[in-house]
Amino acid sequence: MTEQKQALFTIFGATGDLAKRKLYPSLFRLFKKGELADNFAVIGTARRQWTDSFYHEVVLDSIKDLMHSKTEAENFASHFYYQSHDVNDAEHYVNLKNLGERLKAQYKTAGNQVFFLAMAPQFFGVIAEHLKSENILTGEGFERIVIEKPFGNSYATAKTLNDSLSKVFTEEQIFRIDHYLGKEMIQSVSAVRFANPIFESLWNNRHIDNVQITFAEFIGVEERGGYYETSGALKDMIQNHVLQVLSLIAMEKPEKFDEAHIVKEKVKALKAMRQYSSQEALENFIRGQYIAGKFDGENYLGYREEDSVAPDSRTETFAAGKFLIDNERWAGVPFYVRSGKRMTEKGTRINIVFKKEAENLFADNCDDQPVQNVLTIYIQPTEGFSLSVNGKAAGQGFHLEPLRLSFRHDSEFLGNSPEAYEKLFLDVLNGDGTNFSHWEEAARAWELIDVIREAWDGDTSDMPTYTARSMGPQAAFDLLKKDGNEWAWQPDLWYKERGYYEK
Ligand SMILES: NC(=O)C1=CN([C@@H]2O[C@H](COP(=O)(O)OP(=O)(O)OC[C@H]3O[C@@H](n4cnc5c(N)ncnc54)[C@H](OP(=O)(O)O)[C@@H]3O)[C@@H](O)[C@H]2O)C=CC1
Ligand SMILES: O=C1O[C@H](COP(=O)(O)O)[C@@H](O)[C@H](O)[C@H]1O
């Protein structure tokens with residue numbers, strides 16, 4: 001039987017997009033599973049003047065697509081309380097404390113508190129300080145703070161932010177969300193690596209030729225032009241999600257499969273990554289910006305035509321590059337990464353490309369070249385693995401045929417699989433920080449990214465472009481070509497052959 005959790009949640013930014021789209025539905029999923037039942041309450045806070053009953057309507061609306069009975073949903077929403085105020089105002093915290101004390105007693109939350117900061121990072125410091133100075137932190141039960149990305153926008157700003165949080169919370173109390181770490185298949189990477197001796201024994205530079213990590217998005221910048229203009233693909237995706245995934249692939253086997261040991265190995269892998277000079281950064285990283293395009297009868301705007309985007313913007317909507325890891329396991333193996341908006345289709349996947357057999361035993365029997373073995377881990381939209389291998393084509397004679405051993409989770413499983421934020425919320429309640437970003441990881445990631453950003457900022461040459469719904473600028477293909485490699489996943493070719501770009 002599920003043991004229900006006891007906690008008072010305080011959500012700062014309760015009227016915002018993240019709270020409505022992710023936080024309330026995730027809490028509801030935990031409620032439906034009995035992880036949350038009688039002993040939890042939620043205080044939502046922001047400046048807007050909302051009443052409790054209006055707040056309940058907002059919460060109910062946010063969970064309307066999840067199957068539930070009206071009574072169950074109303075019961076859930078009845079645990080929510082709204083407190084209007086500005087987080088810069090000290091009086092705010094007096095009201096929060098009073099409401100919190102009442103709810104802790106009413107819902108028997110054992111003094112446990114979770115603070116979720118669904119607000120812009122400039123508010124994190126002021127909120128943390130006041131939680132302490134106004135004695136909202138009492139030390140009665142566990143007290144944890146959950147924060148969203150972006151965690152700074154450079155090493156220096158991230159450090160300032162971390163210093164302000166660390167004055168109040170210990171590293172164990174800080175949960176920095178990287179929602180990709182909550183995804184089913186990212187958590188599966190370690191299972192594939194360490195539960196399968198056939199892969200574990202090959203997981204090194206003697207057998208692996210190169211690693212490719214693709215985070216492709218079909219959507220454009222949507223309504224987030226304002227934010228994206230200050231970020232770009234490098235900071236929005238590579239600094240956090242992509243480097244997190246890379247460190248999971250590259251880390252040594254942890255002594256134990258727990259937070260402390262896993263984080264230690266991830267940090268070691270990140271620290272072994274080559275720190276580029278400015279010149280090396282320009283040679284190994286490329287960027288691009290999407291321009292208008294037509295695909296399957298639909299016209300797409302270029303990035304510079306999107307809302308809240310400057311008409312002469314130099315923000316990259318695509319970034320690709322090659323990382324190198326200077327350790328025994330990975331010396332000489334390029335880790336190619338790419339991420340962008342308005343690419344051909346949505347697809348997050350990891351391709352582990354194995355080395356070619358030095359000699360082709362079948363050269364005298366047929367002209368067919370064996371394909372390189374590629375292990376693909378599909379993160380989304382489908383979830384699963386495949387391994388490309390060579391077999392003999394059935395029939396007379398001897399011909400090699402590329403085959404694919406493939407596993408995908410079925411749709412029923414996917415429908416029931418916990419959404420990333422739900423998993424992460426449960427981890428917070430269990431005090432398990434394995435699937436969160438730790439300061440040392442974030443700090444090292446910024447060191448690696450800052451040099452690329454600065455090199456790009458100093459480069460005034462024309463911004464490379466790519467057509468909306470393509471796989472990025474030509475430079476992204478040239479990057480691999482100069483090493484004699486190519487991207488294992490090129491969905492644009494499939495669409496091109498079928499005339500989608502002409503329609
Ligand atoms: N939305 C998403 O999918 C994602 C968001 N994030 C991050 O999460 C954070 C929140 O994002 P999002 O929800 O989209 O942002 P929104 O702009 O939608 O929400 C911001 C919230 O902050 C509140 N707020 C702003 N100023 C104050 C203030 N002085 N005092 C009290 N409340 C204030 C706003 O409410 P009010 O105006 O009523 O005060 C609102 O509830 C950001 O850091 C974002 O980068 C990260 C990943 C994904
Ligand atoms: O963090 C972010 O991630 C989303 C993509 O997340 P996904 O789970 O939908 O793949 C991205 O659109 C956004 O720009 C970025 O901030």
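Both ligands and their constituent atoms are indexed starting at 1 by order of listing. Reckoned from all heavy atoms, side chains included, excluding hydrogens, waters and symmetry mates.
- The ligand atoms of ligand 1 that sit less than 4.0 angstrom from a heavy atom of Pro150 are 45 (O).
- Counting protein heavy atoms only, atom 11 (O) of ligand 1 is closest to Leu18 CB, 4.2 Å.
- On a distance-only criterion, Ala118 and ligand 1 share no N/O pair closer than 3.5 Å.
- Less than 4.0 angstrom separates some heavy atom of Asp236 from each of these atoms of ligand 2: 13 (C), 14 (O), 15 (C), 16 (O).
- Taking all heavy atoms of Tyr228, Tyr227, Tyr180 into account, the minimum distance to atom 10 (O) of ligand 2 is reached by Tyr180.
- Classified by interplanar angle (parallel below 30°, tilted 30° to 60°, perpendicular above 60°), the ring pair Tyr303/Tyr228 is perpendicular.
- A donor-acceptor pair under 3.5 Å links the side-chain atoms of His56 to the main chain of Ala77, judged by distance alone.
- Residue Tyr421 has no N or O atom closer than 3.5 Å to an N or O atom of ligand 1.
- Considering His179, Glu148, Lys149 only, the shortest heavy-atom separation from atom 45 (O) of ligand 1 involves Lys149.
- Around CD of Glu171, the count of heavy atoms belonging to other residues, nucleotides or ligands within 6.0 Å exceeds 12.
- The nearest heavy-atom contact from the protein to atom 9 (O) of ligand 2 is Lys346 NZ, 3.3 Å.
- If you check which protein heavy atom lies closest to atom 25 (C) of ligand 1, you get Arg47 NH2, 3.5 Å.
- Closest to atom 3 (O) of ligand 2, if we only count protein heavy atoms, is His179 CE1, 3.4 Å.
- Scanning the protein for heavy atoms near atom 12 (O) of ligand 2, the closest one is Glu217 OE1, 2.7 Å.
- Ligand 1 is approached by Phe123 to a heavy-atom distance shorter than 4.0 Å.
- Atoms of ligand 1 lying under 4.0 Å from at least one heavy atom of Pro121, given by number and element, are 43 (O).
- Every atom of ligand 1 is numbered from 1 in the order shown, and the set under 4.0 Å from a heavy atom of Arg48 is 35 (O), 36 (P), 37 (O), 38 (O).
- For ligand 1, the atoms lying closer than 4.0 Å to a non-hydrogen atom of Asp17 are 1 (N), 2 (C), 3 (O), 13 (O), 14 (O), 18 (O).
- Nearest protein neighbour of atom 19 (O) of ligand 1, counting heavy atoms only, is Gly16 CA, 3.4 Å.
- In this structure, Phe257 has its ring center at least 6.0 angstrom away from the ring center of Phe194.
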Should Arg453 and Asp450 be marked as a salt bridge (charged side-chain N to carboxylate O under 4.0 Å, His left out) after you check the CA-CA gap, both sets of side-chain angles, and the distance that decides it?
CA-CA 5 Å; Arg453 183 71 264 164; Asp450 277 356; over 6 Å; no

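- Which parts of ligand 2 touch His241 is read off a 4.0 Å heavy-atom cut-off, strictly below it: atoms 1 (O), 2 (C), 3 (O).
- Nearest to atom 13 (C) of ligand 2 among the protein's heavy atoms is Arg224 NH1, 3.3 Å.
- Distances below 4.0 Å separate heavy atoms of His85 from the following atoms of ligand 1: 30 (N), 31 (C).
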